Amino acid sequence: MTRDTEVWKQMFQELMQEVKPWHRWTLRPDKGLLPNVLKPGWMQYQQWTFARFQCSSCSRNWASAQVLVLFHMHWSEEKSRGQVKMRVFTQRCKKCPQPLFEDPEFTQENISRILKNLVFRIMKKCYRGRFQLTEEVPMIKDISLEGPHNSDNCEACLEGFCARSKQVTSLPQSQTPRVYSIYKVEEGVEPWASRKNVCSYILQNHICRNVSIFCCCVILIVIVVIVARTAI
């Protein structure tokens, strides 16, 4: 996986806690993952994104907008527990005679966007539409890239998972859109902006539920009193 494994894990936990604070989800790297090769009950999400690389032999730097990030997800409703396995495909230097495959380096902003898109898919596939996808968050390219994708030195392409047909949205840093929270409960409900709003939403639901129960109890008592007086 990438060098920032703990950053991915922590950010994923925070995003899942915003929408499913009672459920436990884990994220872990798995170099053995392959696209469209799934165990029973597992689902897939993959994304091509932007990242930078540095050769460990010659220290050459390069950037790519065709970095494949693969996720396999599994949800157990009985245990209220979910798992995500993740593989980030590597690239190697085109200048060195015997280059090693290098892990990509992502900006924290793009890590956040990748994981928000992942949580979109978890909500849609694992929770059966109770949360609806609003809009996929685009990736950011901080430089302009020229020339074709170097498929000869791309791990995903060499393994047969070509990314050349995929495109990544290019947005200058100065024009990066503000990323709000990415979920809504039903059509017509505004996206939640923060965990504070999530808690407020939960509290409101709890209060409404309690008021409804109280009203039902009052009505039931009134009915019992009327019946009792009629019997007398």
Side-chain angles (χ1 to χ4, degrees), residues 1-15 25-39 42 44-73 83-119 121 136-174 176 179:
M1 191 179 162
T2 67
R3 303 169 190 177
D4 300 321
T5 302
E6 293 306 317
V7 173
W8 288 80
K9 290 181 178 180
Q10 180 179 349
M11 200 173 292
F12 175 70
Q13 289 292 331
E14 291 173 355
L15 289 170
W25 279 85
T26 58
L27 172 70
R28 65 182 180 87
D30 186 340
K31 288 291 290 182
L33 287 189
L34 295 174
N36 304 317
V37 180
L38 297 166
K39 296 179 180 179
W42 287 74
Q44 175 176 290
Y45 172 58
Q46 55 186 346
Q47 187 170 176
W48 279 265
T49 184
F50 177 87
R52 293 178 176 274
F53 296 84
Q54 182 173 32
C55 178
S56 56
S57 299
C58 70
S59 298
R60 174 179 170 266
N61 293 284
W62 71 96
S64 173
Q66 305 291 356
V67 180
L68 175 57
V69 183
L70 174 66
F71 299 99
H72 286 181
M73 305 101 68
Q83 303 176 60
V84 177
K85 296 180 181 179
M86 174 183 178
R87 179 180 179 184
V88 178
F89 286 80
T90 58
Q91 294 185 18
R92 63 189 178 189
C93 179
K94 65 180 182 181
K95 300 292 186 181
C96 292
Q98 293 182 326
L100 300 174
F101 280 100
E102 309 292 350
D103 288 327
E105 298 178 10
F106 299 91
T107 63
Q108 290 223 358
E109 178 65 25
N110 272 346
I111 292 175
S112 174
R113 288 167 180 249
I114 293 167
L115 290 176
K116 286 183 178 183
N117 290 334
L118 168 65
V119 175
R121 293 309 187 278
E136 186 162 292
V137 185
M139 297 301 107
I140 298 174
K141 291 196 296 184
D142 53 14
I143 62 170
S144 178
L145 300 177
E146 297 180 358
H149 175 55
N150 186 1
S151 58
D152 291 338
N153 293 295
C154 171
E155 182 183 30
C157 292
L158 292 172
E159 292 189 11
F161 315 120
C162 183
R164 284 178 291 182
S165 62
K166 302 293 180 179
Q167 298 296 325
V168 177
T169 303
S170 178
L171 295 171
Q173 291 286 5
S174 60
T176 301
V179 180

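Here the structure is a predicted model, which means the values were calculated and not measured.
- Partners of F71 according to the ring-ring contact (aromatic ring centres under 6.0 Å, His included) rule, which considers only residues two or more places apart in sequence or in another chain, do not exist here.
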Stepwise side-chain contact (heavy atoms from CB on, under 4.5 Å) test for K95 and C55: CA-CA 9 Å; K95 300 292 186 181; C55 178; over 6 Å; no
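- Remark: W62 engages Q91 in a side-chain hydrogen bond (donor to acceptor under 3.5 Å, both in side chains) (not counting sequence neighbours).
- Under the rule for a side-chain hydrogen bond (donor to acceptor under 3.5 Å, both in side chains), the partners of S56 that lie at least two apart in sequence or sit in another chain are E102.
- Closest of all the heavy-atom pairs between K9 and P29 is CE-CD, 4.2 Å.
- No side-chain heavy atom of N36 sits under 4.5 Å from any side-chain heavy atom of F161.
- In this structure, Q98 has no side chain to side chain contact (heavy atoms under 4.5 Å, CB included) partners at least two apart in sequence or on a different chain.
- H72 has its side chain out of reach of Q83: every pair of non-hydrogen atoms, C-beta onward, lies at least 4.5 Å apart.
- H149 and Q66 are not linked by any side-chain donor-acceptor pair at a separation below 3.5 angstrom, with hydrogens and angles left out of the test.
- For the side chain to side chain contact (heavy atoms under 4.5 Å, CB included) test, residues two or more places apart in sequence or in another chain that qualify with N150 are K94, D152, N153.
- Between S57 and C93 the shortest side-chain heavy-atom distance does not fall below 4.5 Å.
- With sequence neighbours excluded, the residues forming a side-chain hydrogen bond (donor to acceptor under 3.5 Å, both in side chains) with E155 are R87, T90, listed by chain and number.
- A search for side chain to side chain contact (heavy atoms under 4.5 Å, CB included) contacts involving Q10 returns E14, not counting sequence neighbours.
- Across Q54 and S59, no two heavy atoms sit closer than the pair NE2-O, 3.5 Å.
- By the side chain to side chain contact (heavy atoms under 4.5 Å, CB included) test, L158 pairs with R92, F101, sequence neighbours left out.
- For the pair S112 and L15, the tightest heavy-atom approach, listed with the atom from each and the gap, is O-CD1, 4.4 Å.
- Results of the ring pair (Phe, Tyr, Trp, His ring centres under 6.0 Å) test with F106 over F50, F53, W8 single out W8 as the only residue that passes.
- Between Q13 and L27 there is no side-chain heavy-atom pair separated by less than 4.5 Å.
- In terms of heavy atoms, M11 sits closest to L115 at CB-CD1, 3.7 Å.
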Check against side-chain contact (heavy atoms from CB on, under 4.5 Å), K39 and K85: CA-CA 12 Å; K39 296 179 180 179; K85 296 180 181 179; 3.7 Å; yes
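- Going from atom OG1 of T49 over to atom CG of N117 covers 9.0 Å, rounded to the nearest 0.5 Å.
- Q44 is listed as a side-chain neighbour of Q46, based on a closest heavy-atom distance under 4.5 Å.
- At least one side-chain heavy atom of M86 sits less than 4.5 Å from a side-chain heavy atom of V69.
- In this structure, V67 and P104 approach most closely via the heavy-atom pair CG1-CG, 4.0 Å.
- Screening L118, T26, D30 against V84 for a side-chain contact (heavy atoms from CB on, under 4.5 Å) leaves a single residue, L118.
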